[in-house]
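Encoded as structure tokens, the structure appears first; notes follow it.
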Amino acid sequence: MKSQLKLYNSLTRRKKIFTPLHPPYVGMYVCGPTVYSEAHLGHARPAITFDLLYRYLLHLEYKVRYVRNITDVGHLENDADEGEDKIEKKARLEHLEPMEVVQKYLNSFLKNMQDLNTLHPSIEPRASGHIIEQIELIKEILEKGYAYEINGSVYFDVLKYSKKYNYGKLSGRVLEDLQASTRTLDGQNEKKNPFDFALWKKATPGHLMRWPSPWSVGFPGWHLECSAMSTKYLGDVFDIHGGGMDLLFPHHECEIAQSTAATGNEPVRYWVHNNMITIDGQKMARSLGNFITLDQLFTGDHPMLQQAYTPMTIRFFLLQAHYRSTIDFSNEALQAAEKGLQKLLKAIETLKKLKPSLTSTVDIKALWNNCHEAMDDDLNSPMLLSHLFDGVKYINSANDGSEKLTAADLESLKKLFNTFVFDILGLKDEASGGNEEKLADDLMKIIINLRQDAKNKKEWGISDKIRDELKNAGIILKDLKDGADWVKE
RNA sequence: GGUCGGUUUACCGAGUGGCUAGGUAGCGGUCUGCAAAACCGUUUACGGCGGUUCGAAUCCGCCACCGACCUCCA
């Protein structure tokens with residue numbers, strides 16, 4: 001474990017070499033989705049960012065417990081809804097049980113995650129399954145004196161907390177500024193201070209999602225589940241906490257406050273935040289209505305989409321940008337990603353067929369170093385891809401005969417691509433597989449052979465006819481030096 | 001208004017005080033019965049104005065513009 005992995009910590013705002021609290025074990029908690037509608041492109045960003053981190057940690061031979069929560073309790077939507085629960089609202093609209101809604105969109109989310117080839121987290125705890133833990137946590141915070149009860153609701157006492165601890169250190173907030181800028185919200189008159197936040201809310205009569213507690217029949221506050229579940233599965237102090245940058249404040253700030261108030265410990269050692277996906281320069285978000293769901297991307301069924309994009313194209317597209325940069329959606333960018341990915345995968349196929357030479361004219365060891373350095377530098381996947389494309393050039397040049405590779409270097413190169421492209425970047429070749437594919441491949445081989453016969457006899461009329469009619473059927477033939485390749489239009 | 005971040009070539013997107021990032025597109029070439037594809041090569045940069053420096057796109061200051069967060073949000 002002599003990893004030189006450097007991670008950017010949002011708390012300290014600098015990159016630092018990652019060292020786990022209890023090597024070789026690593027605890028990682030990532031904020032998962034609220035399952036009340038289809039996952040969109042934005043949800044793919046943290047999924048892939050933290051999948052990349054997870055995969056790289058595994059590559060470095062850490063034993064990782066990766067926890068990603070499922071928020072199925074629901075949070076307040078906005079004042080217009082009078083505190084109505086997000087999931088509850090959707091349930092009324094569709095005449096479904098709240099848990100039915102949750103199940104439906106959870107299934108859909110997990111399917112999308114599988115399509116994107118993300119590894120399953122070690123634990124995917126649901127907020128609704130941890131109400132007891134959340135109640136216990138509230139009790140602890142009350143005991144320590146950092147919360148107060150009013151009318152069956154419990155609020156976190158930010159002012160009192162800030163006398164001993166630093167509230168706002170993660171997001172750079174200053175308490176006085178917060179006081180001045182906090183908006184009037186429902187239930188605010190109950191709170192001692194506008195910046196106090198709910199740990200437990202008493203349910204209004206129409207509120208469907210409700211649980212008994214020592215204070216009232218109600219539901220847990222907005223930020224509590226992550227504190228309760230991360231503590232339960234990873235301990236009072238754990239290594240990595242991830243999530244979108246938009247969760248920095250207030251969500252993660254409140255999480256720190258809750259956990260610190262309860263245990264006296266700083267809960268998280270490395271805060272890692274992914275940036276947003278933008279569309280026309282603006283954040284893609286459900287609330288802004290400018291989102292494209294993952295299913296829509298995969299099928300092409302959205303007015304903004306010129307075509308369908310495969311899950312691996314989406315994955316490659318996201319990996320081409322560093323996780324802390326915004327990445328702008330456009331058809332042009334996705335099409336570029338699609339072509340780039342094909343080029344990469346094609347070279348890997350070519351690599352399998354290369355014949356060894358007695359000497360090498362390229363330095364594969366240096367390539368290994370470059371690839372590791374890129375990943376070690378705060379998961380610089382775009383830099384890694386750039387190095388991998390150096391490898392692509394080596395392969396194609398060797399195929400052309402302008403570069404040479406020894407048998408050992410060929411093996412090393414195969415291992416390198418296997419490790420970085422498939423294991424770490426989590427890409428896969430989508431074309432291979434399926435009985436249908438196999439049948440089509442066999443049939444096409446026969447047709448291509450017949451056409452080759454015609455070509456050998458210089459019967460251009462026949463060979464062109466075969467090509468033209470295949471084109472009408474949606475298949476494009478590409479003549480190669482020896483034989484031909486084909487691709488669906 | 002406060003806090004934080006960004007502005008890179010046609011597009012996406014890295015990076016760094018002096019050395020071609022990369023992908024896509026474009027252009028030139030190789031291959032080829034033709035076409036397409038593939039492969040090889042290659043042009044166009046670092047928001048503006050000052051400063052520090054032998055040297056800045058990279059550091060500092062000011063300005064302009066854009067965005068995120070401050071409310072559920074990935």
Side-chain angles (χ1 to χ4, degrees), chain A residues 10 13 30-34 36 39-50 71 74-79 81 86 168 171-174 176-178 180-185 195 222 242-251 253 273-278 281-288 291 316-317 320-322 324-344 346-347 350 370 374 377 380-390 392-393 395-397 399-400 402 455 458 460 463-464 467-468 471 476-481 484-487:
Chain A
S10 308
R13 279 167 215 183
V30 176
C31 285
T34 306
Y36 65 99
H40 60 78
L41 182 57
H43 292 96
R45 191 91 197 258
I48 286 170
T49 296
F50 295 105
T71 299
H75 293 157
L76 297 169
E77 186 135 301
N78 54 46
D79 348 47
D81 294 319
K86 225 184 233 176
S171 56
R173 295 297 192 283
V174 179
E176 291 80 62
D177 298 345
L178 282 175
S181 66
T182 305
R183 202 175 57 139
T184 305
L185 277 169
F195 42 69
W222 310 351
M245 271 182 189
D246 48 354
L247 296 178
L248 241 139
F249 189 88
H251 184 58
E253 197 70 68
H273 289 96
N274 63 273
N275 214 321
M276 302 292 109
I277 289 173
T278 59
Q282 233 194 355
K283 179 173 83 157
M284 183 181 288
R286 185 130 46 207
S287 52
L288 295 170
F291 63 93
F316 186 88
F317 169 67
Q320 268 190 313
H322 187 262
R324 282 194 292 111
S325 300
T326 55
I327 182 169
D328 200 52
F329 163 88
S330 69
N331 280 282
E332 213 178 351
L334 279 171
Q335 283 157 11
E338 186 176 50
K339 295 239 175 93
L341 174 62
Q342 277 167 6
K343 183 172 178 175
L344 178 64
K346 182 129 190 154
T350 304
N370 289 341
D377 186 15
N380 196 330
S381 55
M383 193 50 116
L384 170 59
L385 281 168
S386 150
H387 294 312
L388 289 172
F389 276 103
D390 286 342
V392 167
K393 188 165 285 187
I395 293 167
N396 289 329
S397 300
N399 196 35
D400 282 358
S402 57
K455 282 173 70 177
K458 296 197 190 292
W460 308 127
S463 71
D464 286 356
R467 188 172 62 199
D468 291 346
K471 188 165 194 304
I476 296 172
L477 267 191
K478 300 181 223 170
D479 285 344
L480 306 172
K481 267 182 196 154
D485 203 356
W486 64 280
V487 66

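A note on names: the letters A, B, ... follow the listed sequences, proteins ahead of strands, and every chain is numbered from 1.
Contacts of Ser463(A) with the nucleic acid, taken as non-hydrogen atoms under 4.0 Å apart, include base atoms. Residue Ser325(A) is classed as a sugar-phosphate contact, given heavy-atom separations below 4.0 Å to backbone atoms only. In this structure, Leu334(A) reaches neither bases nor backbone, as no heavy-atom distance under 4.0 Å exists between it and the strands shown. Within 4.0 Å (heavy atoms only), Gln282(A) reaches sugar-phosphate atoms of the nucleic acid but no base atom. Residue Leu247(A) is classed as a sugar-phosphate contact, given heavy-atom separations below 4.0 Å to backbone atoms only. Met276(A) comes within contact range of at least one nucleobase, with a heavy-atom separation under 4.0 Å. If you check every strand for non-hydrogen atoms under 4.0 Å, His387(A) touches nothing. Residue contacts for Gly42(A): at a heavy-atom cut-off of 4.0 Å it reaches a base atom on one of the strands shown.
Two residues are said to be in side-chain contact when any heavy atoms from C-beta on lie closer than 4.5 Å; Phe389(A) and Leu344(A) meet this criterion. Proximity of Phe249(A) to His251(A): side-chain heavy atoms (C-beta onward) are nowhere separated by under 4.5 Å. At least one side-chain heavy atom of Met245(A) sits less than 4.5 Å from a side-chain heavy atom of Met276(A). With contacts defined as side-chain heavy-atom distances shorter than 4.5 Å, the pair Leu248(A)/His273(A) qualifies.
Both tests hold for Arg286(A) against Tyr36(A): distance to the six-membered ring centre under 6.0 Å, angle to the ring axis within 45°.
Shortest non-hydrogen contact noted between Pro46(A) and Asn274(A) is CB-OD1, 3.3 Å. Between Ala285(A) and Phe291(A), the closest heavy-atom pair is O-CD2, 3.7 Å.
Atom CZ in Arg324(A) sits about 10 Å away from atom P in A14(B), given to the nearest Å. Remark: P of U8(B) and NE2 of His322(A) are 18 Å apart, rounded to the nearest angstrom. A straight line from CZ of Phe249(A) to P of C4(B) spans 14 Å, rounded to a whole angstrom. We find that CD of Gln335(A) is positioned 15 Å from P of G13(B), with the value rounded to whole Å. In this entry the distance linking CG of Leu384(A) with P of G23(B) reads 14 Å, nearest Å.
Remark: the separation of the P atoms in C39(B) and U24(B) is 8 Å, to the nearest Å. With P as the reference atom, U32(B) and G15(B) are 43 Å apart, rounded to whole Å. Using C1' as the reference atom, A36(B) and C73(B) are 46 Å apart when rounded to the nearest Å. Across A10(B) and C70(B), the matching P atoms stand 36 Å from one another, rounded to whole Å. Taking atom C1' in both U8(B) and U20(B), the straight-line distance is 15 Å, to the nearest Å. Taking atom C1' in both A56(B) and C19(B), the straight-line distance is 15 Å, to the nearest Å. A distance of about 36 Å separates the P atoms of G48(B) and G29(B), rounded to the whole Å. Using C1' as the reference atom, G61(B) and A74(B) are 36 Å apart when rounded to the nearest Å.
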Inset, instruction - Would you sketch RNA chain B in dot-bracket for me? Only Watson-Crick or G-U wobble pairs with both distances under 3.5 Å count, crossing pairs as [ ], other-strand pairs as |, the rest as dots. - result: (((((((..(((.....[...))).(((((.......)))))....(((((..]....))))))))))))....
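Contact check, Ser386(A) against G23(B): no side-chain N or O comes under 4.0 Å of OP1 or OP2.
Distance from the side chain of Thr34(A) is smallest for A74(B) among the nucleotides A74(B), G13(B), G23(B). When the nucleotides G23(B), A74(B), G15(B) are ranked by their closest atom to the side chain of Phe389(A), G23(B) comes out on top. Checking A14(B), C11(B), G67(B) against every side-chain atom of Glu332(A), the shortest atom distance belongs to C11(B). If you check A74(B), C70(B), C34(B) against the side chain of Arg467(A), the one that comes closest is C34(B). Checked against C12(B), G15(B), G33(B), the side chain of Asn380(A) finds its nearest nucleotide in G15(B). Side chain of Arg13(A), nearest nucleotide from C4(B), A74(B), C34(B): C4(B). When each of C73(B), A14(B), G23(B) is scored by its nearest atom to the side-chain atoms of Ala321(A), the top-ranked nucleotide is A14(B). Side chain of Arg173(A), nearest nucleotide from C70(B), A74(B), G13(B): C70(B).
The existence of a salt bridge linking Asp464(A) and Arg467(A) is confirmed by a sub-4.0 Å separation between a basic side-chain nitrogen and an acidic carboxylate oxygen.
Annotation: of the two residues near RNA chain B, Asp390(A) and Gly281(A), the 5′-most nearest-nucleotide partner is Asp390(A). Nearest-nucleotide positions on RNA chain B place Thr278(A) closer to the 5' end than the other of Thr278(A) and Pro33(A).
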Inset, instruction - Assign a letter to each nucleotide of nucleotides 36-42 of chain B from its 5' end: B, base within under 4.0 Å of a protein heavy atom; S, sugar-phosphate only; -, no contact. - result: BB-SSS-
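In this structure a side-chain-to-backbone donor-acceptor pair under 3.5 Å is missing from Ser386(A) to Pro382(A).
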